Protein chains: 2
Amino acid sequence: MGRPREFDIDAAVAAATELFIAEGYEGCSMDRIVQATGVHRGSLYAVFGSKRGIFVECLRKVAATSGERKSGERSDLLLIALVELAARDDEVRSICAGTISLWRTDAARELGTRLLARAGLNEGAP
Amino acid sequence: MGRPREFDIDAAVAAATELFIAEGYEGCSMDRIVQATGVHRGSLYAVFGSKRGIFVECLRKVAATSGERKSGERSDLLLIALVELAARDDEVRSICAGTISLWRTDAARELGTRLLARAGLNEGAP
DNA sequence: AAAGTTCTTGACTGACTATTCTAGAACGGT
DNA sequence: ACCGTTCTAGAATAGTCAGTCAAGAACTTT
């Protein structure tokens, strides 16, 4: 049925996830995502619909594999989602809420700890 | 010495602070800041130099009055700073580190708690 | 091999971005 | 009353942003 896709969706999502974690949502452009994934803009839009669509897919992937991940990895993208998107995006907020509710640890402390680590704090002098 | 300033710098900083807290750093444009402060673009640039300059001043103000503020108010802008700026801006990171080091509470938990509250979580169903 | 379908590609668009510039207005000093 | 200085006002600029589109390529089915 038609021309086969030349890129791996999961791989693109993984690459985009790393990018979002490193640069934030508003902080990284579609150009950067195209560059990091190696997938053409048009192809990304055909599959995910929008930049937000890409992010939501990344978030869903992290949520789905949350159990298998270390506490750092599973929190990083949530941080971005909570600070930049959740307040104005019901779906993102809902995914975040669902993910966190599955954690057994203290969510506030885990997120706060990871927040500081990601910012480069709590590992030496100011 | 020259024409007197027609706006109150502290008031502008306070208005900008609220805006940054509500919409994030990348999430709010200079247009929005001009609108919220009621100060002309040129005047803002004359005083603060850049959008980043405005943010840093807001952060400094919060840091300086951190002792007088409730835990929510003093954490909100730090969240934005830590997630969006600190990783790539040494000065911002330094201000954050200095502020947090003065807190007597568990910084990670306080930030995490505020993070969830700001996102609209932990106050009802998902 | 022709038709139909799905994907890729590169160029394009209009809106929005932070920042700058110039002209003029309001002050203090002389 | 003029001069130097500091601020304001509005328009302008160049760059970046997310998103779109038409043309062609790779596949399956008939």
Side-chain angles (χ1 to χ4, degrees), chain A residues 1-59 77 80-81 83-89 91-92, chain B residues 1-13 15-59 77 80-81 83-85 87-89 91-92:
Chain A
M1 306 118 158
R3 179 172 178 170
R5 208 188 311 281
E6 292 180 9
F7 68 95
D8 179 19
I9 292 185
D10 284 344
V13 166
T17 299
E18 282 190 45
L19 231 182
F20 281 131
I21 289 174
E23 309 190 359
Y25 179 77
E26 307 275 11
C28 93
S29 66
M30 281 300 300
D31 279 337
R32 296 277 295 121
I33 299 176
V34 166
Q35 182 188 4
T37 59
V39 179
H40 190 90
R41 311 170 70 76
S43 301
L44 288 175
Y45 275 93
V47 171
F48 301 105
S50 66
K51 181 184 176 185
R52 176 189 171 279
I54 300 177
F55 186 88
V56 168
E57 218 49 49
C58 294
L59 197 56
L77 195 65
I80 308 293
V83 172
E84 297 193 51
L85 263 22
R88 53 173 159 119
D89 189 319
E91 192 180 8
V92 167
Chain B
M1 305 121 156
R3 178 173 177 171
R5 206 187 315 279
E6 293 178 8
F7 69 96
D8 180 19
I9 292 185
D10 283 346
V13 167
T17 299
E18 283 191 45
L19 231 181
F20 281 132
I21 288 174
E23 309 190 2
Y25 179 76
E26 308 274 10
C28 93
S29 67
M30 280 299 300
D31 278 338
R32 296 277 295 118
I33 299 177
V34 166
Q35 181 188 6
T37 59
V39 179
H40 190 89
R41 317 168 69 78
S43 302
L44 287 175
Y45 275 94
V47 170
F48 301 107
S50 66
K51 181 184 175 184
R52 177 189 169 277
I54 300 176
F55 186 88
V56 168
E57 216 51 48
C58 294
L59 197 55
L77 195 64
I80 309 293
V83 172
E84 296 194 51
L85 263 22
R88 53 174 159 120
D89 189 318
E91 193 181 6
V92 167

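This is a predicted model, so every value here is computed, not measured. Throughout, a chain's letter reflects where its sequence line sits, starting with A, and its residues are numbered from 1. Keep in mind that the numbers below use all heavy atoms, side chains included, and drop hydrogens, waters and symmetry copies.
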> Any salt bridge between A:E84 and A:K51, counting N to O under 4.0 Å?
Replying inline: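 Looking at A:K51 together with A:E84, the answer is no, because their closest N to O distance does not fall below 4.0 Å.
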Atom-to-atom span, [atom1] of [X] to [atom2] of [N] - whole angstrom:
X	N	atom1	atom2	answer
A:M30	C:dG14	CE	P	20 Å
B:E26	D:dT16	CD	P	14 Å
B:R5	D:dC7	CZ	C1'	8 Å
A:F48	D:dA18	CZ	P	16 Å
A:L44	C:dT6	CG	C1'	16 Å
A:H40	C:dC12	NE2	P	13 Å
B:Q35	C:dA18	CD	C1'	17 Å
A:I33	D:dT16	CD1	P	17 Å

> From C:dT19, C:dT9, D:dG19, pick the nucleotide closest to the side chain of B:Y45?
Replying inline: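 Taking heavy atoms from C-beta onward, the closest nucleotide is C:dT19.
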>> Measuring from the side chain of A:K51 (C-beta onward, heavy atoms only), which nucleotide among D:dT8, C:dT8, D:dG19 has the closest atom?
In response: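 From the listed options, D:dG19 comes nearest.
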>> Go nucleotide by nucleotide along DNA chain D from the 5' end; which of B:G2 and A:D31 gets its closest nucleotide reached first?
In response: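 Checking each residue's closest nucleotide, the 5'-ward one belongs to B:G2.
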> What are the two closest non-hydrogen atoms of A:A15 and A:A36, and how far apart are they?
Replying inline: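 For A:A15 versus A:A36, the nearest heavy atoms are CB-O, 4.0 Å.
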> So which heavy atom on A:L44 is nearest to which on A:M30, and how close?
Replying inline: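 That would be CD1-CE, 4.2 Å.
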> Reckon A:S43 touches a base, only the sugar-phosphate, or nothing at all at heavy-atom distances under 4.0 Å?
Replying inline: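 If one applies the 4.0 Å heavy-atom cut-off, A:S43 turns out to touch a base.
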> So what does A:F7 touch, heavy atoms closer than 4.0 Å: a base, only the sugar-phosphate, or nothing?
Replying inline: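 Sugar-phosphate only.
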>> Any side-chain N or O of B:S29 below 4.0 angstrom from OP1/OP2 of C:dC16?
In response: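 No.
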>> Any side-chain N or O of B:R3 below 4.0 angstrom from OP1/OP2 of D:dT8?
In response: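 So the side-chain polar atoms of B:R3 never come under 4.0 Å of the phosphate oxygens OP1 or OP2 of D:dT8.
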> Between B:Y25 and B:V83, is there a donor-acceptor pair closer than 3.5 Å when you use the side chain of the first and the backbone of the second?
Replying inline: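 Not confirmed, B:Y25 side chain does not pair with B:V83 backbone.
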>> Suppose we call a contact any N or O donor and acceptor under 3.5 Å apart; does that hold for the side chain of B:R41 and the base of D:dG10?
In response: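 Answer is no: no donor-acceptor pair is held.
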> Can you find a heavy atom in the side chain of B:F7 that is under 4.5 Å from one in the side chain of B:H40?
Replying inline: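 SC-SC contact between B:F7 and B:H40 ruled out.
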